[in-house]
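Here the structure comes first, spelled out in structure tokens, and everything after it is commentary.
Computed from a prediction, not measured in an experiment: that's the story for all the values here. All values below were derived from every heavy atom in this structure, side-chain atoms included, with hydrogens, water molecules and symmetry-related copies excluded.
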Amino acid sequence: MKRKSGQDPNITKNWKPATLAVRGGSARTEYGETSEALFLTSGYCYDRAEDAAARFAGEQQGMTYSRLQNPTVEMLEKRIALIEGAEACRATASGMAAMTAALLCQLSAGDHVVGGKALFGSCRWLVDTLLPKFGIQTTTVDARDNAAWEKAIRPNTKLFFFETPANPTMDVADLKGICDIAKAHGIVTVVDNAFATPALQRPLEFGADVVAYSATKMMDGQGRVLAGAICGTEDFILNTLLPFHRNTGPTLSAFNAWVVLKGLETLDLRIRRQSENALKVARFLEGRLPKILYPGLESHPQHELAMRQMELAGPIFSLYTGGGRKEAHGLLNALELVDISNNIGDSRSLMTHPASTTHFGMAEEARLEVGITEDMLRLNVGLEDPDDVIADFDQALRAIGR
């Protein structure tokens with residue numbers, strides 16, 4: 001690969017997704033390094049005062065300050081945009097920084113937002129608590145019900161916000177159906193695609209306007225750093241998002257960007273293997289527990305829709321023990337291989353109790369409404385041999401009398 005091949009659209013347009021995830025966006029320095037360079041700098045220098053003035057005026061290309069641009073972060077943004085099939089991308093310090101910026105950059109007091117009820121706990125907090133503080137009206141609906149989206153529209157509805165598959169209920173929303181409804185009414189759609197990543201699902205292809213990520217999850221994939229990303233049209237990124245990002249500063253560090261770049265190199269391999277492992281573990285648990293929610297299983301109520309929208313079902317699913325918090329915690333405590341952790345997307349198998357961790361901040365009524373009960377557990381299946389994960393669950397289930 002030549003120094004600038006990874007940033008030349010005439011070249012990258014011919015590369016397939018797995019190649020883009022390894023080489024897309026890369027730009028080598030004059031030293032010819034094979035791995036992307038890590039630029040640990042807060043600012044930049046200029047040969048002449050006139051150059052500094054020209055850069056700030058937008059008349060000269062180049063970096064000005066790492067809150068705005070950094071060569072390593074820029075390579076990550078270009079790579080994510082390429083694998084997403086987006087015109088542009090802006091990286092952020094965390095997934096929640098991405099979700100917050102994607103919403104607030106385009107909303108004002110008096111606007112109305114419709115959100116899916118089954119969202120990550122902090123995303124529900126944005127919809128239920130933060131946005132109303134700024135005079136933005138909000139309504140939540142069952143994201144699986146297309147008619148509910150249509151019914152919730154008001155004259156001031158500006159934005160639809162949803163996640164599919166949803167965390168942790170694994171609800172699958174009809175991407176094309178919801179986006180078609182939004183477009184018919186001039187409404188912007190923002191999709192949280194963290195569970196699937198562009199390796200398995202690309203919402204822009206179904207009509208979404210903006211796609212937001214916690215790159216902490218599968219994009220890094222090894223539990224190392226926090227990062228987020230927002231993808232959309234070049235006009236949206238430069239003229240709507242960038243002014244908000246520039247002046248509020250949810251900036252991704254160069255080091256974290258470099259780590260995620262390394263993670264993307266193996267994303268395609270990891271997510272496919274972990275999806276295969278998850279399906280095998282889910283099939284085992286389906287015979288031992290009252291309820292498993294995994295879109296890859298034929299028993300999932302939206303299995304066919306999920307398989308139309310996703311290449312594979314991903315590494316994450318939820319299960320119900322049937323015995324309340326005591327039994328759910330008992331199962332967690334009996335595990336010897338699988339870690340108790342509230343993270344997902346890791347190469348290690350991790351499991352958590354959403355009602356007392358990730359969704360603890362939601363009102364109990366709201367949790368129960370979407371199915372986050374005291375006996376629910378969420379599992380991220382990692383890269384271990386799936387037979388070892390199954391053996392660990394087998395002994396843990398026997399330990400709690402199942």
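For E36 and R79, the salt-bridge test passes: some basic side-chain N is under 4.0 Å from an acidic carboxylate O. R224 has a carboxylate O that lies under 4.0 Å from a charged side-chain N of D220, or vice versa, which qualifies the two as a salt bridge. Between E298 and R283, at least one side-chain N (NZ, or NE/NH1/NH2) sits under 4.0 Å from a carboxylate O, which counts as a salt bridge. Salt bridge E265/R23: absent, no basic N to carboxylate O contact under 4.0 Å. Under 4.0 Å is where a charged nitrogen must lie from a carboxylate oxygen, and between E369 and K117 at least one such pair does.
Test T197, T92, N193, D192 against Y213 for side chain to side chain donor-acceptor pair (under 3.5 Å) and you get one pass: N193. Tested against T352 for a side chain to side chain donor-acceptor pair (under 3.5 Å), the candidates N342, N380, T357 yield a single pass: T357.
For the atom pair NZ (K217) and CG (N343), the distance works out to 5.5 Å, reported to the nearest 0.5 Å. For the atom pair CE (M63) and CD (Q69), the distance works out to 6.0 Å, reported to the nearest 0.5 Å. To the nearest 0.5 Å, atoms NE2 (H359) and OG (S122) are separated by 8.5 Å. The line from OG of S5 to CD1 of I11 is 4.0 Å long, rounded to the nearest 0.5 Å. Rounding to the nearest 0.5 angstrom, the gap separating the CD1 atom in I271 from the CG atom in L269 is 11.5 Å. Between the CG atom of L337 and the CG atom of D392 there is a distance of 5.0 Å, given to the nearest 0.5 Å.
Contact check for F284 versus V389: no side-chain heavy atoms found under the 4.5 Å cut-off. The closest side-chain heavy-atom distance from M351 to S341 is not below 4.5 Å. In this structure the side chain of P198 reaches within 4.5 angstrom of the side chain of M219, judged on heavy atoms. Contact check for L319 versus L293: no side-chain heavy atoms found under the 4.5 Å cut-off. Looking at M75 and Q7, their side chains come closer than 4.5 Å, going by heavy atoms from C-beta outward. Taking 4.5 Å as the limit, some side-chain heavy atom of H245 sits within range of a side-chain heavy atom of T251. Contact annotation: the side chain of H353 never approaches that of T358 to less than 4.5 Å [non-hydrogen atoms, C-beta and beyond]. With a 4.5 Å cut-off on side-chain heavy atoms, L242 and I237 do not count as touching.
At most 12 heavy atoms of other shown residues, nucleotides or ligands fall within 6.0 angstrom of atom NZ in K326. Other residues, nucleotides and ligands contribute more than 12 heavy atoms inside 6.0 Å of the CZ atom of R325. With a 6.0 Å radius and a threshold of 12 heavy atoms from other residues, nucleotides or ligands, E304 has its CD atom at or below the threshold. Counted within 6.0 Å of CZ on F244, heavy atoms from surrounding residues, nucleotides or ligands total more than 12; the atom is thus considered enclosed. Annotation for E33: atom CD counts as buried by contact number, over 12 foreign heavy atoms lying within 6.0 Å. By the neighbour-count criterion of 12 heavy atoms within 6.0 Å, atom CD of E364 is sparsely surrounded, having that number or fewer from other residues, nucleotides or ligands. Heavy atoms from other residues, nucleotides or ligands lying under 6.0 Å from CD of E59 number more than 12. The environment of NZ in K262 is crowded: more than 12 heavy-atom neighbours from other residues, nucleotides or ligands sit within 6.0 Å.
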* Would you check, one step at a time, whether the test side chain to side chain contact (heavy atoms under 4.5 Å, CB included) holds for L159 with V190? => CA-CA 7 Å; L159 186 147; V190 177; 3.8 Å; yes
* Kindly indicate, with the supporting measurements, whether the criterion side chain to side chain contact (heavy atoms under 4.5 Å, CB included) is fulfilled by D171 and T164. => CA-CA 7 Å; D171 291 355; T164 182; over 6 Å; no
* To do: List the steps, then state whether salt bridge (Lys or Arg N to Asp or Glu O under 4.0 Å) holds for K176 with D180.
  => CA-CA 6 Å; K176 185 177 187 305; D180 285 350; 2.7 Å; yes
* Steps toward salt bridge (Lys or Arg N to Asp or Glu O under 4.0 Å) verdict (D268, R272) -> CA-CA 6 Å; D268 187 73; R272 292 180 186 281; 2.9 Å; yes
* Residues M99, F161; criterion side chain to side chain contact (heavy atoms under 4.5 Å, CB included); working and verdict -> CA-CA 10 Å; M99 303 301 160; F161 178 42; 4.3 Å; yes
* To do: May I have the step-by-step check of salt bridge (Lys or Arg N to Asp or Glu O under 4.0 Å) for D145 and K151, ending in yes or no?
  => CA-CA 10 Å; D145 183 355; K151 185 177 180 181; over 6 Å; no
* To do: Please assess S299 against E286 for the test side chain to side chain donor-acceptor pair (under 3.5 Å), listing each intermediate value before the final yes or no.
  => CA-CA 9 Å; S299 59; E286 193 171 34; 2.5 Å; yes
* Criterion side chain to side chain donor-acceptor pair (under 3.5 Å) on Q222 and D346, from CA distance to verdict -> CA-CA 5 Å; Q222 289 152 85; D346 202 296; over 6 Å; no
* To do: Using the side chain to side chain contact (heavy atoms under 4.5 Å, CB included) rule, take I187 and K158 through it: C-alpha gap first, then chi angles, then the decisive distance, then the call.
  => CA-CA 5 Å; I187 296 167; K158 179 74 176 288; over 6 Å; no
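Remark: side-chain polar atoms of H300 are not paired, donor with acceptor, to backbone N or O of Y294 under 3.5 angstrom. T72 places a side-chain N or O within donor-acceptor distance of the main-chain N or O of A37, the cut-off being under 3.5 Å. Between the side chain of R402 and the backbone N or O of A396 there is no donor-acceptor pair closer than 3.5 Å. Between the side chain of S214 and the backbone N or O of A194, no donor-acceptor pair lies under 3.5 Å. A donor-acceptor pair under 3.5 Å links the side-chain atoms of T157 to the main chain of R154, judged by distance alone.
With sequence neighbours excluded, the residues that form a side-chain hydrogen bond (donor to acceptor under 3.5 Å, both in side chains) with N156 are Q137. With sequence neighbours excluded, no residue forms a ring-ring contact (aromatic ring centres under 6.0 Å, His included) with F393. The side-chain hydrogen bond (donor to acceptor under 3.5 Å, both in side chains) search around R398 returns D394, not counting sequence neighbours. With sequence neighbours excluded, no residue forms a salt bridge (Lys or Arg N to Asp or Glu O under 4.0 Å) with E87. With sequence neighbours excluded, no residue satisfies ring-ring contact (aromatic ring centres under 6.0 Å, His included) with H112.
Ring centroid separation for the pair W149 and F162 comes in under the 6.0 Å cut-off.
The closest side-chain donor-acceptor pair between D235 and T233, if any, does not fall under 3.5 angstrom.
Within the structure, the side chain to side chain donor-acceptor pair (under 3.5 Å) test picks out no pair touching residues 93-108 (sequence neighbours left out).
For the pair K291 and Y320, the cation-pi criterion (under 6.0 Å, within 45° of the ring axis) is fulfilled.
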